[in-house]
Amino acid sequence: MIQYITRRMFMAIPVLFGILLVTFALARLIPGDPCRAILGEKATDAVCERFIHERGLDKPIPVQFGVYLKEIIRGDFGRSIRYSLPVTRLLVERLPTTVELSFAALTLSLIIGIPLGIISAVRHNSWIDVLTMMWANAGVSMPVFWLGLMLAYIFSLVLKDTPFWLPPSGRVSPGISTAAFYDVWGLSVYGQGLGVAILNFLSRLNILNAILSGNWKLLGDSIKHLILPAVALSTIPMALIARMTRSSMLEVLGQDYIRTARAKGLAKRMVILKHAFRNSLLPLVTVIGLSLGSLLGGAVLTETIFGLSGLGRTLYDAITARDYVIVQSFTVVIAIFFVILNLIVDVSYAYLDPRIKLD
Amino acid sequence: MACETHLTRVWLILVSNEVERVVTKNNAAPLLEIKHLKTHFFTEDGVVRAVDGVDLQVFPGEVVGLVGESGCGKSVTSLSIMQLISAPGKIVAGEITFEGQNLLELSEKEMMKIRGDRISMIFQQPQTSLNPVFQAGDQVAEVFRIHQKLQDEEAWEQAVELFRMVGIPAPERRAKSYPHEMSGGMAQRVMIAMALALRPNLLVADEPTTALDVTIQAQIIQLIQDLRKEVGAAVILITHDLGVVAEMAERVAVMYAGQIVEMTDVISLFDKTFHPYTQGLIGSIPVLGKVKERLEVIPGSVPNLVDLPPGCRFAPRCRARMEYGLDLCTKVEPQLIEYQPGHQVRCWLYQDTEEYKAPLKDRG
């Protein structure tokens, strides 16, 4: 198993190299140059020349790529052209927003999508099945920006001054302490190292931080802020998961071993939850893995509507500003997520189905 | 085995087992009594009358063979007994009395207690009948956990013990195997272990050897024979293999298109076959020493169960009908009558009515 994982890690290197190459090239293919995009149309040629030179953008493109690769290997993502900040710091600041949102959306799609899928498979062709599938079709084709705006409109404006009011933007209300858990615990965390970056990252996952530091006010407030964007973001994966659960369950329910389980005297409920569900998980795991990947990378619209500066939003802004460094690094980070998620999916296959051997 | 043909094997078995057989058990109360069972499937193409008026009795400890072509309703009959017919199928009429209880009147909860405990079942495809993601031992242990509320460890020990009983080598290790790591024969042994775990009074074996190699078939038949004696279970043996029937069954019911057409003890079935369909079945077995250009075949095919012919369901394929020039067959359905003691047949060759004289009535 460990051997397999190590080998897969090595196999990921060419994949990541390819991604680096493509994003590097694509970013530079976008018309316009970073100087004018960042400093404005009126920047003089002299100013721009200096701007470009300072950031090493006047070197031949292959040389730039070489320098970039060398830095990446050393673990340095470089500095943002626009903010002049280390990209690592931007990641630590912005990634938590996206991670929290994605996991909330995924959890929501799982706890609603899977039971709905199971019920519609078991009650195949009943009204509940028809209704669920109609709803799932609507969910798949729902434009997120429209749904997001509608949700914000209903819960923030129409339901204002009712207990159902929900905040339309941001992650926490002003005035609520977001003190990091390690500060609350009295640990002193300073410096630039990876460990500090990770602690920093964790402390910015508001819900986790609230639980770790026992800050219940923050917990409630964060959840309240998370509900609307999570609901908006979860519609598509939820619908996909519901449909996948249904079709995979339907197939499994027709198998011989389901009849055997019933003939043993097992209750129908147990047969479905134990014998059938375990077997129908396999295709589902793939969908969940891919959904989480695209949630992490593709929450641009949701993040924009709900005023969250996460990964997607930052990436979008970076593209408009021709901030090559951010575009490259964030894309690589998203690619790494996909590689890791795929590995997790493959490993869990072997765990879920004894017929699959990893070697 | 290679040079021995099917029918001689059948006869050898019949003669050698004759002493052991108990031909009728009319004095005991039946363990299972099926009366006028009708199980229909309500499909888009119409109502499929898969089982259409089956009557069958099984006495304690006996082996009843249920024989017929694919699609004649034998499996649906067995699933009806277990009440495992799923939509669009439905038991529309009849009674299934088991140990004095009408199973059709029981609630699902009460039925669950009977399944796997007092009535259990083994299936045709042992490898796909076991759940691929659980260990074989765990699937057998589950029976003890459900019905006897045993703890995991105790149930597992019992399961390993059963593995030993059904002759699986290295039972402790094999119990940890997954179904895909087993051969068909071994998987069927696991299924048998699972079915006999709680010493049921009735075992329904739905084509238990059809998917197996010939050599393995013999082993599995022997195993079922030995264990059913030990456990004292009655067996309903569903098969299309007359060799298996001759080897195991005491009484045989022949099914055609959802109905029983002939029912008798196994010796009479081969000795004095009455129904033209049964005659056709037996005639299609090759006989050693008899040179034939072609084996006998029953012309035509099984009727569509949605749109059954009026009268006798076998009439369109029946040679005897042509031979004797009977008109009645295509108009009125014959009844299952006791033509000779313990020998029932459903055919106009043997059944008189007020204005009709059956041609073979007095020849039996």
Side-chain angles (χ1 to χ4, degrees), chain A residues 1 118-130 245-246 248-286 345-359, chain B residues 44 75 78-79 81-88 108-136 138-148 176-181 187 190-191 194-195 197-198 200 203-204 206 211:
Chain A
M1 178 73 94
I118 294 178
I119 292 169
S120 32
V122 173
R123 303 240 176 283
H124 184 42
N125 284 339
S126 69
W127 62 269
I128 195 163
D129 179 28
V130 173
T245 311
R246 174 176 177 270
S248 150
M249 260 314 230
L250 271 179
E251 197 194 314
V252 168
L253 285 174
Q255 298 290 324
D256 288 348
Y257 52 80
I258 297 301
R259 191 184 52 191
T260 309
R262 296 272 288 135
K264 261 186 223 186
L266 260 182
K268 204 166 181 190
R269 234 175 65 111
M270 281 299 294
V271 173
I272 289 160
L273 294 181
K274 191 182 162 195
H275 286 257
F277 185 59
R278 173 81 187 269
N279 277 284
S280 66
L281 265 178
L282 226 44
L284 201 56
V285 166
T286 317
V345 165
D346 286 352
V347 170
S348 53
Y349 269 11
Y351 171 76
L352 289 171
D353 190 340
R355 283 167 299 185
I356 296 172
K357 287 257 186 308
L358 301 178
D359 48 31
Chain B
E44 277 172 25
S75 291
S78 66
L79 289 173
I81 298 170
M82 296 295 274
Q83 287 189 50
L84 289 176
I85 297 287
S86 45
E108 171 60 21
K109 216 171 174 183
E110 290 166 314
M111 197 57 216
M112 260 159 52
K113 282 190 193 143
I114 292 178
R115 282 188 210 120
D117 184 7
R118 282 152 65 200
I119 307 178
S120 60
M121 200 163 172
I122 50 183
F123 300 97
Q124 182 171 357
Q125 300 283 350
Q127 270 159 321
T128 56
S129 293
L130 289 169
N131 195 325
V133 303
F134 297 116
Q135 291 174 347
D138 185 57
Q139 298 186 51
V140 176
E142 197 173 26
V143 180
F144 294 105
R145 294 202 301 265
I146 305 167
H147 292 286
Q148 299 192 330
K176 288 184 188 142
S177 309
Y178 289 94
H180 72 278
E181 296 164 334
V190 173
M191 288 297 292
M194 191 189 290
L198 300 175
L203 172 68
V204 181
D206 188 355

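Throughout, protein chains are lettered first and strands after them, A, B, ... in sequence-line order, and every chain is numbered starting at 1.
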At a cut-off of 3.5 Å, what donor and acceptor atoms pair up between chain A and chain B?
residue   : atom : partner   : partner atom : Å
Asp256(A) : OD2  : Thr128(B) : OG1          : 2.6
Tyr257(A) : N    : Thr128(B) : O            : 3.2
Thr260(A) : OG1  : Ser129(B) : O            : 2.6
Arg262(A) : NH1  : Glu108(B) : OE2          : 3.3
Ala263(A) : O    : Gly116(B) : N            : 3.1
Lys264(A) : O    : His147(B) : NE2          : 2.7
Lys264(A) : NZ   : Gln139(B) : O            : 2.8
Lys264(A) : NZ   : Glu142(B) : OE1          : 2.5
Lys274(A) : NZ   : Glu142(B) : OE2          : 2.9
His275(A) : O    : Asn131(B) : ND2          : 3.3
His275(A) : ND1  : Asn131(B) : ND2          : 3.0
His275(A) : NE2  : Glu142(B) : OE1          : 3.0
His275(A) : NE2  : Glu142(B) : OE2          : 3.0
Asn279(A) : ND2  : Asn131(B) : OD1          : 2.7

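- When each of Val204(B), Leu198(B), Ile146(B) is checked for heavy-atom pairs under 4.5 Å with chain A, Ile146(B) comes out on top.
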- Message: Quick one, Leu352(A) with Val133(B), criterion side chain to side chain contact (heavy atoms under 4.5 Å, CB included). Give me CA distance, side-chain angles, the key distance, then yes/no.
- Response: CA-CA 7 Å; Leu352(A) 289 171; Val133(B) 303; over 6 Å; no
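- In this structure, the portion of Leu84(B) lying under 4.5 Å from any heavy atom of chain A is its side chain and not its backbone.
- Ranking Met194(B), Met111(B), Met82(B), Met121(B) against chain A, the residue ahead of the rest is Met194(B), based on heavy-atom pairs under 4.5 Å.
- Contacts of Ile258(A) with chain B are absent, with no heavy-atom separation under 4.5 Å from either backbone or side chain.
- Of the atoms belonging to Ile114(B), not a single heavy atom falls under 4.5 Å from chain A.
- Between Pro132(B) and Pro354(A), the closest heavy-atom pair is O-CG, 3.2 Å.
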